[in-house]
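So the structure is just underneath, and the comments pick up after that.
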Amino acid sequence: MDLVASAIKGTLDMLPKESHEWHYVESVAADTAKLYGFSEIRTPVFEKTELFQRGVGDTTDVVQKEMYTFNDKGGRSITLRPEGTAGAIRSILEHGLFNEALPVKAYYLTTCYRYEKPQKGRLREFHQFGVECVGAAAPTADAEVITLGKTLLDRLGLQNISLEINSIGCPECRAKYTEALKKYFEEYKSELCPTCLDRLDRNPMRILDCKSEICSKIAENAPKILDYICDDCREHFEKVKACLDAADVKYTVNPSIVRGLDYYTKTVFEFLHNGLAVCAGGRYDGLATELGGVDLPSLGFAAGLERILMIMREQGAEFPTPKKPDLYIAPLGENASAQAVKLCGLLRDEGFSAITDMSGRGLKAQMKYADKIGAKYTLVLGDNEVETSTAKIKDMQSGEQREVALPEGLVSVLYDMSIDKAFDDLHESMAKLEEK
Ligand code: HAM
């Protein structure tokens, strides 16, 4: 029979055998954010469509072409979040968090949805780790957030990552720049794609971000924003660069970065690997007011987890090995099976992971299974063992066997062994540290 359905194009399953890799990246991301004073925020997977139209901008590719938008049964227009910033800011405004200590520093690990053409590193459902630093106008905030991104990628051991930064100014300098862009693109009116023709009137900066081959070719020689930014924005950018220099964060200024979302102002940045953005963000000083809230100069970034994992795997990164079961109990017969379930419960209460048979298999098949799942120890529980309350525990690596009293002896032997193992691990990590 055929499978009922296959996964939707552009989505990936995370399988149990690779979950430890995801957990590792997620925990390093969360730990790094906490080191910088960020706490987790979780917002709904869907929001009112208007939030993204206003926040992300209705002339962006994301809003015009890529959103998963539908009417719910009550006739409301709902959109699956294409990114995490708009929802986080909506939540911070709605809950009045700006009345507490500023800046509000929030991080998230979430799914995002964009109807894009799936390709390497580009999915329709993907995961972001993001940080938002809300209510912080000083250039030090920009440097801190960029440094957080770098720390994360360094801690994960990603190689060949470059950082590119730019300033796209404030609405005032943007007005002059928009005029210059309009003038430039007017000359190519007949060659622009229909979406960009519309953008020419409404928001010519978005043409710089068009993925069509012809538009991006034309955009290559367009005026550069850095030649139009006002004194305030220039001073801000100079201070950000000075802070990055002081922190020894290497970057290049790329005047072509404009980013694909409308809310950005002043500093924007991208961490790239072979031209692919792994982590990207910037300042968005006007977003809170655009969403009807108070004035909160803010900035943040988001990193694509699939892209991070893809690069780590390509670069042969070592992930911490997942914990294997401490003990497999192989019961022989019904009575022993019931006792094995009880014994497993006792061991789990003590913090050991204990597994037993769930398929009524014979001894040979059970041992094969214990070996496959990598159980550290095994214990055979027959009628005799149940009657005498003693059994032999076998170290699967050395083959060494020890007789233990059930259940106390078993618990204490497992404790002793786990202490020995902890010492071994400690010595091993100390040796590795010394090597470094
Ligand atoms: P973004 O550049 O659209 O920015 O996305 C951030 C990151 O998400 C990208 O650098 C990439 O790693 C990943 N990403 C984006 N689209 C896809 C996709 N289709 N498939 C796989 N990965 C993808 C934002 O989303 C902003 N909200 C970032 C931000 C936070 N700015 C300020 N605060």
Side-chain angles (χ1 to χ4, degrees), residues 8-12 25 29 33 38 41 43 47 51-52 55-57 60-63 65-68 80-90 92 103-134 136 141-142 144-146 148-149 152-153 156 158 161-166 168 206 209 211 257-288 296-312:
I8 288 175
K9 191 174 165 188
T11 67
L12 285 181
V25 171
F38 286 72
I41 188 167
T43 60
E47 299 270 1
L51 173 72
F52 302 112
V56 173
T60 58
D61 263 1
V62 169
V63 170
K65 301 178 182 169
E66 297 168 2
M67 292 205 307
Y68 280 88
L80 300 186
R81 72 175 151 236
E83 55 98 55
T85 309
I89 302 305
R90 192 266 311 134
I92 287 167
V104 178
K105 294 160 94 178
Y107 79 85
Y108 48 83
L109 284 154
T110 69
T111 50
C112 295
Y113 302 85
R114 295 186 194 175
Y115 192 77
E116 293 196 81
K117 198 167 170 212
Q119 51 187 277
K120 194 176 173 204
R122 177 159 295 147
L123 294 148
R124 290 183 175 170
E125 181 190 65
F126 58 98
H127 296 73
Q128 281 190 345
F129 161 71
V131 302
E132 309 298 350
C133 181
V134 178
D142 306 42
E144 275 276 282
V145 166
I146 293 173
L148 199 173
L152 168 66
L153 302 177
L156 291 171
L158 267 75
I161 298 288
S162 59
L163 166 63
E164 296 189 353
I165 63 171
N166 192 22
I168 58 167
R206 287 276 65 90
D209 196 47
K211 289 176 191 120
I257 301 180
V258 289
R259 310 278 299 124
L261 315 164
D262 266 356
Y263 47 61
Y264 290 112
T265 52
K266 296 186 178 168
T267 318
V268 288
F269 58 91
E270 293 181 345
F271 288 91
L272 302 157
H273 174 77
N274 292 339
L276 188 70
V278 184
C279 169
R283 198 164 256 294
Y284 48 89
D285 289 347
L287 179 58
L296 288 168
S298 311
L299 80 160
F301 70 70
L305 297 190
E306 284 82 1
R307 292 188 187 180
I308 286 183
L309 276 159
M310 180 180 82
I311 298 166
M312 287 177 76

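We count ligands from 1, going down the list as the structure has it; atoms in each ligand are counted the same way.
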Heavy-atom proximity to [atom], best of [options]:
| atom | options | value |
| --- | --- | --- |
| atom 12 (O) of ligand 1 | Val278, Asp61, Val145 | Val278 |
| atom 26 (C) of ligand 1 | Tyr115, Phe301, Tyr263 | Tyr263 |
| atom 24 (C) of ligand 1 | Leu123, Ile308, Leu261 | Leu261 |
| atom 29 (C) of ligand 1 | Tyr113, Tyr264, Phe269, Phe129 | Tyr264 |

Non-hydrogen atoms of [X] versus ligand 1: any pair closer than 4.0 Å?
| X | answer |
| --- | --- |
| Glu306 | no |
| Gly121 | yes |
| Arg259 | yes |

Looking only at heavy atoms, what is the nearest atom pair of [X] and [Y], with distance?
| X | Y | value |
| --- | --- | --- |
| Ile257 | Ile168 | O-CG2, 3.6 Å |
| Tyr108 | Glu132 | OH-OE2, 2.6 Å |
| Leu299 | Arg283 | CB-CA, 3.4 Å |

*asked:* Surrounding OH of Tyr115 (heavy atoms of other residues, nucleotides or ligands, distance under 6.0 Å), is the total greater than 12?
replied: no
*Pair Arg206-Asp61, salt bridge (charged side-chain N to carboxylate O under 4.0 Å, His left out): steps then yes or no*: CA-CA 8 Å; Arg206 287 276 65 90; Asp61 263 1; over 6 Å; no
*Option from Val56, Leu51, Thr43 for which side-chain contact (heavy atoms from CB on, under 4.5 Å) with Arg81 holds*: Thr43
I want to know if ligand 1 touches [X] in the polar sense, i.e. an N/O pair below 3.5 angstrom.
| X | value |
| --- | --- |
| Ala277 | yes |
| Gly304 | yes |
| Ala303 | no |
| Arg122 | no |

*Any side-chain heavy atom of Val131 within less than 4.5 Å of one from Lys105?*
no
*Can you check whether Asp142 reaches Phe269 side chain to side chain, under 4.5 Å on heavy atoms?*
no
[atom]: nearest protein contact (heavy atom, Å):
| atom | answer |
| --- | --- |
| atom 14 (N) of ligand 1 | Phe126 CE1, 3.5 Å |
| atom 7 (C) of ligand 1 | Ala302 O, 3.5 Å |
| atom 30 (C) of ligand 1 | Thr85 OG1, 3.0 Å |
| atom 3 (O) of ligand 1 | Arg114 NH2, 2.8 Å |

*Report the relative orientation of the aromatic rings in Phe129 and Tyr107; use parallel for angles under 30°, tilted for 30 to 60°, perpendicular for over 60°.*
tilted
*asked:* salt bridge (charged side-chain N to carboxylate O under 4.0 Å, His left out) for Glu83 and Arg114? Distances and angles first, verdict last.
replied: CA-CA 9 Å; Glu83 55 98 55; Arg114 295 186 194 175; 5.8 Å; no
*Begin from the C-alpha positions of Lys211 and Glu116 and carry the test salt bridge (charged side-chain N to carboxylate O under 4.0 Å, His left out) through to its verdict.*
CA-CA 11 Å; Lys211 289 176 191 120; Glu116 293 196 81; 3.6 Å; yes
Taking 4.0 angstrom as the limit and counting only heavy atoms of [X], give me the atoms of ligand 1 inside it, by number and element.
| X | answer |
| --- | --- |
| Gly281 | 31 (N) |
| Glu116 | 16 (N), 18 (C), 19 (N) |
| Glu83 | 25 (O), 26 (C), 27 (N) |
| Glu132 | 30 (C), 32 (C), 33 (N) |

_Test log, rule side-chain hydrogen bond (donor to acceptor under 3.5 Å, both in side chains), inputs Thr85 and Tyr263_ = CA-CA 10 Å; Thr85 309; Tyr263 47 61; 3.2 Å; yes
*Can you tell which part of Gln128 has a heavy atom less than 4.0 Å from ligand 1: side chain, backbone, both or neither?*
side chain
*ligand 1 versus Glu270, non-hydrogen atoms closer than 4.0 Å: side chain, backbone, both, neither?*
neither
*Can you check whether Gly10's main-chain N or O pairs, donor with acceptor, with Glu125's side chain at less than 3.5 Å?*
no
